[in-house]
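Taking it in order: structure first as structure tokens, then the write-up.
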Amino acid sequence: MSKEEALSGDERALLFNPDRDSAGNEITYKGRQCTFRIEDSSASVEVVAGEPIEIVMGGVLFSIPAEAGTHRIELRPRACIFDLDGVVADSAPCHYRAWKAIADKLGIEFDEEKNHLLRGVSRRRSLEIMADGQVELSEEDIEKCMTEKNEIYKGMIATAGMSLLLPGAREFLKKLRRAGLKIALASASRNAKTILRNIGMIDGYFDAIADGTDTSIAKPDPAVFLMAAKRVNAAPSDCLVFEDAPAGVDAAIAGKMGSVGVGPAGVDHADIREDSLEKADVYDVFEFFGRKG
Ligand code: BG6
Ligand code: MG
């Protein structure tokens, strides 16, 4: 393991990924000799005495005190689960504009403020919220509106293409994966894979994908998160969910997972708050898993 592989090059922590880095590795980091070992179901680092340092093993942060000692983690999958719309891709404005076209056709009021209520919720539920108290829709009308909205939306995301990729998203996911965390996508959208393809993230970024084609049970029910967790063999308590929607954070809490509220509003009840993945710090994630052990 070279010094260059230390986290972000800023030497805040030394990274060891038990899935990738070879055991028996020895490195002198900030003057302290560190020896990494992998046993049956655990990874450990033996450190000689010296100045306090920080080590990230399998995505778990260890604050190593000055004394010599051995620090160990149980090897089990720990996962970061990402919502798509509003976290990795800037597709929420397309959803809004497509719904607005339907609202105008129906002659009902719909504005950006009301649109906040639609973040993270299913296609059908979005229409119900929009129409609520303004217009009665038959099952046939509902199907027609949903199909029409989706056609408009698909046109928009095709035109937008790569520009939907939110800044910093790819880099952030790569750093977490490099550290040994599993990365999953969990979205209510049936268009999730199309968007991932458009933004160049369908391959190489996610260990598992669960989306609206797998389940129609909408957030705040945790179904889609639990499905994503299962696909990477992680226990819910070993998962951290990144969400921009209040319903998404509620779903993470209901699923007994940690949560990161991403974006401007409505997600202050999450365990961690970040403005965007561009501004987010992988270190906060390592600390989260460090607290859980
Ligand atoms: C969520 C969006 O990710 O997916 C919601 O935040 C959307 O706005 C939902 O309604 C379903 O998406 P789609 O693409 O299947 O209509
Ligand atoms: Mg979202």
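The figures that follow rest on heavy atoms only: side chains count, while hydrogens, waters and symmetry mates do not. As the structure lists them, so they are numbered: ligands from 1, and atoms in each ligand from 1.
In the displayed structure, Glu136 atom CD is contacted under 6.0 Å by at most 12 heavy atoms of other residues, nucleotides or ligands.
Summary of contacts: the protein heavy atom closest to atom 16 (O) of ligand 1 is Arg123 NE, 2.7 Å. What sits closest to atom 10 (O) of ligand 1 on the protein, heavy atoms only, is Val121 O, 2.8 Å. Ranking protein heavy atoms by distance to atom 6 (O) of ligand 1, first place goes to Gly120 N, 2.9 Å. Scanning the protein for heavy atoms near atom 13 (P) of ligand 1, the closest one is Ser189 OG, 3.5 Å.
Of the heavy atoms in His95, only side-chain atoms (C-beta onward) come closer than 4.0 Å to ligand 1. Contacts between Ser126 and ligand 1, counted as non-hydrogen atom pairs separated by less than 4.0 Å, involve the side chain only.
A distance of 8.5 Å separates CG of Asn115 from OG of Ser126, quoted to the nearest 0.5 Å. Summarising the geometry, atom OG belonging to Ser237 is positioned 10.5 Å from atom NZ belonging to Lys256; distances are rounded to the nearest 0.5 Å. Taken from NZ in Lys154 to CD in Glu151, the straight-line distance is 4.0 Å, to the nearest 0.5 Å. Atom CG of residue Leu61 and atom CD1 of residue Ile55 lie 9.5 Å apart, to the nearest 0.5 angstrom.
Considering backbone and side-chain N/O of Asn191, one or more are found under 3.5 Å from N/O of ligand 1. For Tyr153, no nitrogen or oxygen atom sits less than 3.5 Å from a nitrogen or oxygen atom of ligand 1, counting backbone and side chain alike.
Tested against Tyr153, the residues His95, Glu148, Arg97 include a single side-chain hydrogen bond (donor to acceptor under 3.5 Å, both in side chains) partner, His95. With Ser189 as reference, Asp85 is the one residue of Asp211, Asp83, Asp85 to meet the side-chain contact (heavy atoms from CB on, under 4.5 Å) rule.
Our summary of the site lists the angle at the Mg ion (ligand 2) between OD1 of Asp244 and O of Asp85 as 90°, to the nearest 10 degrees.
Taking 2.8 Å as the threshold, Glu243 does not count as a candidate ligand of the Mg ion (ligand 2), since none of its N, O or S atoms lies below it.
The Arg190 neighbourhood of ligand 1 comprises atoms 13 (P), 14 (O), 15 (O), with distances under 4.0 Å to a heavy atom of that residue. Interface atoms of ligand 1 facing Ser122, defined by a heavy-atom separation under 4.0 Å, are 10 (O). Ligand 1 places these atoms under 4.0 Å from at least one heavy atom of Lys149: 16 (O). Close approach of ligand 1 to Ser187 (heavy-atom distance below 4.0 Å) involves ligand atoms 3 (O).
Two rings, from Phe242 and Phe172, have their centers less than 6.0 Å apart.
With hydrogens and angles left out, the side-chain atoms of Gln33 and Glu26 include a donor and acceptor closer than 3.5 Å.
At least one side-chain heavy atom of Leu106 sits less than 4.5 Å from a side-chain heavy atom of Leu137.
The Mg ion (ligand 2) lies closest to atom OD2 when only the N/O/S atoms of Asp83 are considered.
Nearest-residue assignment for atom 3 (O) of ligand 1 (options Asp83, Asn115, Asp85, Leu118; heavy-atom criterion): Asp85.
Electrostatic pairing of Asp132 and Lys114 does not count as a salt bridge here, judged by no charged N lying under 4.0 Å from a carboxylate O.
Contact analysis leaves Ala245 out of contact with ligand 1, as no non-hydrogen atom separation drops below 4.0 angstrom. Look at Leu84 and you'll find every heavy atom at least 4.0 Å from all atoms of ligand 1.
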